[in-house]
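Remarks on the structure that follows.
Since we're looking at a predicted model, the values are computed, not measured.
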Amino acid sequence: MRSVTYSMNVSLDGYIVGPDGDFDWSAPDDEVFRFWIDETRKLDVHLLGRRLYETMLYWETAAQDPTLDAPTREWIEIWNPLPKVVFSTTLSTVQGNARLASGSVAEEIERLRAEPGEGGIAIGGATLAAEAAASGLIDEYQAVVYPVLVGGGIPFFPRAERRVDLELVETRTFSSKFAYLRYRVTR
């Protein structure tokens, strides 16, 4: 059965977006960007909430910029063809290799897990991840922790979530002093 992984960049105080809605502090350096490229290669599908989907729309047309460096072009070549499922009650259409979810996050994950495939199922966006976590559907949590305290905003972990026991399966410190943490849910 394919696993579901929730992964995002996160401030040391636990936020993916600051209190002003800004996340410019989470721009990856070259080493972290390479890491995310490699992680994305392992995926078969990415589930996104509306806000993250709208943020990632930039990549649909970014390849037209002739000044992009090779790693950014590589990212676009991986990200754009990756199938995406967008969860939104306000959008009526989506672009690129994306489709609007036809069911709940639980129904979509169940359907995707039943499909053949070697790659993982990624979930992005705190609200969507919170819904999946509340149903016990997340198998792994991955965070690249940034050395910044933003003081509030959108938390990486939902505040009303039940207790979830985790097993640390991987850590990594990047030369830029970012830390990667990968935890598996113990069941």
Side-chain angles (χ1 to χ4, degrees), residues 1-18 23-49 52 55-56 59 70-72 74-79 81-85 105-106 108-110 112-113 115-150 153-159 161-187:
M1 182 167 63
R2 298 191 302 175
S3 66
V4 176
T5 301
Y6 172 40
S7 57
M8 305 251 334
N9 296 328
V10 61
S11 66
L12 183 60
D13 55 349
Y15 296 95
I16 60 170
V17 175
F23 54 93
D24 63 343
W25 51 268
S26 69
D29 69 2
D30 292 344
E31 187 180 17
V32 172
F33 191 48
R34 166 60 46 204
F35 170 79
W36 284 125
I37 289 171
D38 293 342
E39 287 298 302
T40 304
R41 284 185 193 285
K42 300 173 187 175
L43 301 176
D44 277 348
V45 63
H46 202 293
L47 311 180
L48 301 98
L52 182 58
T55 298
M56 298 303 283
W59 298 108
T72 303
E74 182 181 0
W75 162 255
I76 292 168
E77 290 170 9
I78 295 164
W79 177 254
L82 179 68
K84 297 161 200 78
V85 180
V105 68
E108 289 290 337
I109 289 173
E110 183 179 322
L112 290 166
R113 281 183 166 162
E115 291 179 354
E118 297 293 319
I121 301 167
I123 190 165
T127 303
L128 185 62
E131 185 179 338
S135 297
L137 298 171
I138 296 180
D139 301 302
E140 286 191 358
Y141 291 88
Q142 297 177 351
V144 174
V145 180
Y146 280 64
V148 61
L149 303 172
V150 297
I154 299 173
F156 178 80
F157 295 106
R159 298 298 184 215
E161 187 174 339
R162 73 205 188 295
R163 176 183 165 149
V164 177
D165 293 321
L166 304 170
E167 171 190 4
L168 180 63
V169 292
E170 185 179 358
T171 63
R172 177 176 172 183
T173 303
F174 296 97
S175 61
S176 57
K177 301 200 171 128
F178 300 152
Y180 168 68
L181 304 170
R182 179 175 158 226
Y183 288 91
R184 182 175 302 125
V185 175
T186 57
R187 296 190 163 100

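- In this view, E74 and R34, R41 satisfy the salt bridge (Lys or Arg N to Asp or Glu O under 4.0 Å) rule, not counting sequence neighbours.
- With sequence neighbours excluded, the residues forming a side chain to side chain contact (heavy atoms under 4.5 Å, CB included) with T171 are L168, L181, listed by chain and number.
- When all heavy atoms of L43 and A122 are compared, the closest pair comes out as CD1-CB, 3.6 Å.
- The shortest distance between side-chain heavy atoms of F178 and T173 does not fall below 4.5 Å.
- Residue-environment remark: CD (E31) exceeds the threshold of 12 foreign heavy atoms within 6.0 Å.
- Side chain of K177 to backbone of S175: no donor-acceptor contact under 3.5 angstrom is found.
- Scored by the side-chain hydrogen bond (donor to acceptor under 3.5 Å, both in side chains) test, D24 finds no partners at all (sequence neighbours excluded).
- Remark: Y183 pairs with no residue by the ring pair (Phe, Tyr, Trp, His ring centres under 6.0 Å) rule, at least two apart or across chains.
- Atom CD1 of I37 sits about 9.5 Å away from atom CG of D30, to the nearest 0.5 Å.
- Among residues two or more places apart in sequence or in another chain, the side chain to side chain contact (heavy atoms under 4.5 Å, CB included) test is passed with P83 by V45, N97.
- Residues passing the side chain to side chain contact (heavy atoms under 4.5 Å, CB included) test with E115, sequence neighbours excluded: R2, R111, L112.
- Taking V17 as the reference, F23, I154 meet the side chain to side chain contact (heavy atoms under 4.5 Å, CB included) condition, with sequence neighbours excluded.
- Taking the side-chain hydrogen bond (donor to acceptor under 3.5 Å, both in side chains) definition, one finds that T127 meets it with R51, sequence neighbours left out.
- Between V150 and W25 there is a side-chain heavy-atom pair separated by less than 4.5 Å.
- Legend: residues meeting ring pair (Phe, Tyr, Trp, His ring centres under 6.0 Å) with Y15, ordered by chain and number and at least two apart, are absent.
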When you look at I121 and L47, which way does the side chain to side chain contact (heavy atoms under 4.5 Å, CB included) test go after all the steps?
CA-CA 7 Å; I121 301 167; L47 311 180; 4.0 Å; yes
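- Other residues, nucleotides and ligands contribute more than 12 heavy atoms inside 6.0 Å of the CD atom of E167.
- Residues Q142 and T5 bring no donor and acceptor atom of their side chains to less than 3.5 Å of each other.
- Atom-to-atom distance recorded for D13:CG and L149:CG is 5.0 Å, nearest 0.5 angstrom.
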Name the atoms and distances for all side-chain donor-acceptor pairs under 3.5 Å in residues 129-140, with sequence neighbours left out.
unit_1 : atom_1 : unit_2 : atom_2 : d
D139   : OD1    : R113   : NH2    : 3.3
D139   : OD1    : R187   : NH1    : 2.7
D139   : OD2    : V4     : N      : 2.7
D139   : OD2    : R113   : NH2    : 2.4
E140   : OE1    : R182   : NE     : 2.9
E140   : OE2    : R182   : NE     : 3.4
E140   : OE2    : R182   : NH2    : 2.9

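- In this structure, the separation between CD on E108 and CG on L128 is 10.0 Å, given to the nearest 0.5 Å.
- By the neighbour-count criterion of 12 heavy atoms within 6.0 Å, atom CG of D29 is densely surrounded, having more than that number from other residues, nucleotides or ligands.
- Under a 3.5 Å cut-off, the side chain of Y180 and the backbone N or O of E170 do not form any donor-acceptor pair.
- Residues A143 and V10 share a closest heavy-atom pair of CB-CG1, 3.6 Å.
- Of the possible polar contacts, one joining the Y146 side chain to the S26 backbone as a donor-acceptor pair under 3.5 Å is found.
- The side-chain hydrogen bond (donor to acceptor under 3.5 Å, both in side chains) test applied to W36 returns N9, not counting sequence neighbours.
- For Y141 and F157, the ring centers are positioned less than 6.0 Å apart.
- In this view, E77 satisfies the side-chain hydrogen bond (donor to acceptor under 3.5 Å, both in side chains) rule with no residue, not counting sequence neighbours.
- Note that the CE atom of M56 and the CG atom of L82 stand 9.5 Å from one another [nearest 0.5 Å].
- Side-chain contact check for V185 versus D165: every heavy-atom pair is 4.5 Å or farther apart.
- The ring pair (Phe, Tyr, Trp, His ring centres under 6.0 Å) test with H46 is passed by exactly one of Y6, W79, W59: W79.
- Two residues are said to be in side-chain contact when any heavy atoms from C-beta on lie closer than 4.5 Å; V164 and L166 meet this criterion.
- Nearest heavy atom pair, residue A126 against residue P155, reads CB-O, 3.5 Å.
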